[in-house]
Amino acid sequence: MAPQVTSLAQLAEENSLHQKFIRDEDERPKVAYDQFSDDIPVISLAGIGESGSQRAEICRKIVAACEEWGIFQVVDHGVDSKLIDDMTRLAREFFALPAEEKLRFDMSGGKKGGFIVSSHLQGEAVQDWREIVTYFAYPVKARDYSRWPDKPAGWRVVTEAYSEQLMGLGCKLLEVLSEAMGLEKDALSQACLEMDQKVVVNFYPQCPQPNLTLGLKRHTDPGTITLLLQDQVGGLQATRDGGKTWITVLPVEGAFVVNLGDHGHYMSNGRFKNADHQAVVNSNSSRLSIATFQNPAPNAIVYPLKLREGEKAVMEEVITYMEMYKRKMSRDLELARLKKLAKEKRLQEEELQEKNKLKSCKGLEELLA
Ligand SMILES: O=C(O)CCC(=O)C(=O)O
Ligand SMILES: [Fe+2]
């Protein structure tokens, strides 16, 4: 296998895109990073803590968005704006460190947490145009501080505070979704057992040929919900028709984009969509996004919490979250393998056709000579 790229800084300076990042035509961006759509609702959470008509109205909007897209944005969410600024500033400072400094926390080889280019998943044929730094914040007892960067100064204090506030927001949103399913407020968080939280900070450098690649390829998040903070550049895209058409989510200052993941989708028996999304890049500026994944514990049961009148379960059997995740990963890898094979076959056929064409031209020349 070709060696892992360890930094994008140099490749970003080149005039053309390194081969490793070039995607097949069907995967390339169809809509520009800054061609914004306002299809994804922006919902104010002011008043969500009180019972009454205001809370009911917020819940109604959230449910409608989950049924339609599996994505919505929230403002007035209660997360401290100074903390958001600090987190964003430190994250940018981290990626601006020299490669050798970031690589002190190199995650390749399956380490849990740290820095890597593209993705921690092995076996991908094409690489994503991004660098990431990731840490596992919950459960607290499982934290491994040896995998948390010690630079820039303040990283640990700020990331801990950020994680705590986002855990609070995540749980508040799970209460709304539980109620919408006709269950007790704490139904979803109880089904998650001890909630896991993983934070992935994505840095997408400027890209020489952004139309040939993706910052992050099309996927659904595996967990319950994801809270995504993005800067004002734009690049998050969503599709509702299996990737035929895309919209670019409008960046809203201080807002979190909330994505429902596979676990949330299954628990609602498919009523809430698992957001199908990707990130595109551009040649004008770099982009930063911070994804906070709220996931169930590995041994949590994945099965619809309630079936509505006349509904059949979308799952054939009861499985654990760990099993669900493993199946998803092996499906994704198998798809990547088949894609690679199909590409190789196509190239061989094209080569053969080219040779045959040359042969018949020669034959014709001889005939005419
Ligand atoms: O950067 C983005 O907008 C998307 C990030 C994302 O989908 C992820 O980290 O799972
Ligand atoms: Fe995602």
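Counting starts at 1 for both ligands and their atoms, in listed order. Atoms considered below: every heavy atom in the structure, side chains included; atoms not considered: hydrogens, waters and symmetry mates.
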Within-4.5 Å side-chain heavy-atom neighbours: L352 and Q348: no

Sum of protein N, O or S atoms, each under 2.8 Å from the Fe ion (ligand 2): 3

Identified side-chain contact (heavy atoms from CB on, under 4.5 Å) partner of L177 from the options V258, I225, L183: I225

Residue among K273, K61, R240 satisfying salt bridge (charged side-chain N to carboxylate O under 4.0 Å, His left out) with E68: R240

Set of residues that line ligand 1, where lining means a heavy atom lies under 4.0 Å from it: N202, Y204, L216, H219, D221, L228, L236, H277, A279, R287, S289, A291, F293

Geometric class of the F203/F95 ring pair [parallel <30°, tilted 30-60°, perpendicular >60°]: parallel

Partners meeting salt bridge (charged side-chain N to carboxylate O under 4.0 Å, His left out) with E350 (sequence neighbours left out): none

Step-by-step side-chain hydrogen bond (donor to acceptor under 3.5 Å, both in side chains) determination, S119 to D128: CA-CA 7 Å; S119 167; D128 290 326; 5.2 Å; no

L188, I58, I62 screened by side-chain contact (heavy atoms from CB on, under 4.5 Å) with V176, the one that passes: I62

Listed once per pair and sorted, the side-chain hydrogen bond (donor to acceptor under 3.5 Å, both in side chains) pairs that draw on residues 168-181, sequence neighbours left out: R55-E179

Face-on cation placement of K112 at F136 ring, 6.0 Å and 45° thresholds: yes

